[in-house]
Amino acid sequence: MKYIVKYMFAVSALLFAAGAATAQTAVTTNGVGVSDIEMERSGGRLNVGMTLDMSNLKVRSNKSLRITPVVTDGNEMMQLPSVMIDGRRREIQHERMRDGELSTSTLYVRRYNRKPQTMQYDYNVNFEPWMRNSQLILREEWCSCHDEALSEEFVTVAELRQPAPRVNTTPRMAYATPPADASAARRQETAAVYFPVNKSEINPSFMDNTQGLDNLRKIFAGGEGVNSVRLMGYASPEGPYAFNEALAAKRAEAVKQYLNSNNLGSGVNVTTDSSPANWDAVKKLLSETCINDYRKIIAIIDDPSIKPADKNAEIRRRHPVEYNFMLSTWYPRLRVTDVTVDAPSRRPNVDEAKRMLRDDPSQLSLADIYMIALTYEKGSKEWNDIIILAVDTYPQSPEARVNAANVSMANGNYAKAAAYLQGVPSTMPEAMNSRGILAMSQGNYDEAMSLFRQAQQAGVSEATYNISLLRELMQLGK
């Protein structure tokens, strides 16, 4: 077996029907012409036939050339009866050995050198499943006494090919619909209202307030689904600590009164809180810039031995240049009331989702990406590209992996499909159908039928069609 596999090459295909192989001619290493080659499956039998032309073969008197047809798929093999082409003396020896000593599975023929000579070879065997993807190889061996092989050569003369399918052999894929993202059912919307230094009155035209207040109105439009609003007022750190405490609280209350007077968030629970300084925001700004000694300034903010009321003065004393930059550039945006609204999430429409898909797919849930895919025909390039993009974005999702496996199988990449299906729960109905298709592609019909039936019982309509298809294919294979 080992010497046969050495000369084989892998042939993989989705084989669903009876097959036949024919080739016009071939020539062995020693010049034996092979024509009218036939390798055909008929019902439960495999027929092998050929014409051997020995006209260009010269056999010495004391030698024999043994030609053995072998059917193999690279793993399994079946050796058919050999043809022993004898020289004159070897024919005499074989004649003397006829009484029980010669192999009954070998055909003997005397070669008459320099004369045209042909013989017909026909044989059939029981067809076995592994033969669906097999080749016909001729093994040539020069033999001397006792028919011991002196050398061997191989030539592939035919492969079992499939005829045009007599039935539609395309199974139906069951694509999995991703569940709605529960985490996206609600969202937190934020807005900011800024204040001039030492002031707590809202000026709609100050800094970015026009946009911030407009965002608030949009968030509360209709008021439906808003659960709560949290207002956090801040002062910038440079003022007296007690003054800043009162100022921050007034700024939070000012935004609450604005909401009430503009009928925003009516009936919604609004809570207010405040802090005389937003040191967390200052540290974030310091970490995101290349300001000199930013680590030392952060250390002052975090130092528990320095009282909160003294931290600003300490920064100004130790780092005056950096402090002046912070005071003029950052502190104005620390005089603010931050608004956080717990609101229902609004899924993007198809056009919005397609724009987000182009810009940043991670902004979309898997359900949103699948919604976009459904706007294209299944099996189209656009559909396939989006399904693969979905699994790239959400590689751990069972639904995304099953759908990507289906696209891979539709494109003939069964190894990739098998990789996608690894780790997908065996109880997932769509995965059962996909694994059934994969098993069918490998000729494992019994396994495929079992998987399709499980999928059918789980409610996968595509599995019903696949069961019918598989039955036809199994009938053709009898």
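What you see is a predicted model, and the numbers here were worked out from it, not measured in a lab.
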N/O donor-acceptor pair under 3.5 Å between [X] side chain and [Y] backbone:
X      : Y      : result
Thr210 : Pro204 : yes
Thr272 : Glu253 : no
Arg401 : Ala419 : yes
Ser450 : Glu447 : no

Side chains of [X] and [Y] in contact at under 4.5 Å (non-hydrogen atoms):
X      : Y      : answer
Val27  : Thr25  : no
Ile315 : Val282 : no
Val229 : Thr340 : no
Leu327 : Arg316 : no
Met428 : Val402 : yes
Glu128 : Met78  : yes
Glu153 : Thr28  : no
Met77  : Val71  : no

Arg217 and Asn262: side-chain donor and acceptor closer than 3.5 Å?
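Their side chains do not contain a donor-acceptor pair, so the 3.5 Å distance test is not met.
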What's the shortest heavy-atom distance between [X] and [Y], and which atoms?
X      : Y      : result
Glu238 : Val197 : OE2-CG2, 4.0 Å
Ile369 : Tyr394 : CD1-CE1, 4.0 Å
Gln456 : Ala463 : N-CB, 3.7 Å

A cation-pi test, strictly: NZ or CZ of [X] under 6.0 Å from the centre of the six-membered ring of [Y] and no more than 45 degrees from its axis. Yes or no?
X      : Y      : answer
Arg45  : Phe127 : no
Arg132 : Tyr445 : yes
Lys416 : Tyr420 : yes

Any carboxylate oxygen within less than 4.0 angstrom of a Lys/Arg side-chain nitrogen, looking at Glu314 and Arg317?
yes
Would you say the rings of Trp330 and Tyr323 are close, in the sense that their centroids are separated by under 6.0 Å?
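Not under 6.0 Å, so no.
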Can you tell me how far the CZ atom of Arg453 sits from the OG1 atom of Thr464, to the nearest 0.5 Å?
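OG1 of Thr464 is found 11.5 Å from CZ of Arg453.
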Stepwise, does the salt bridge (Lys or Arg N to Asp or Glu O under 4.0 Å) test hold for Asp208 with Arg333?
CA-CA 10 Å; Asp208 297 334; Arg333 289 197 167 272; 2.7 Å; yes
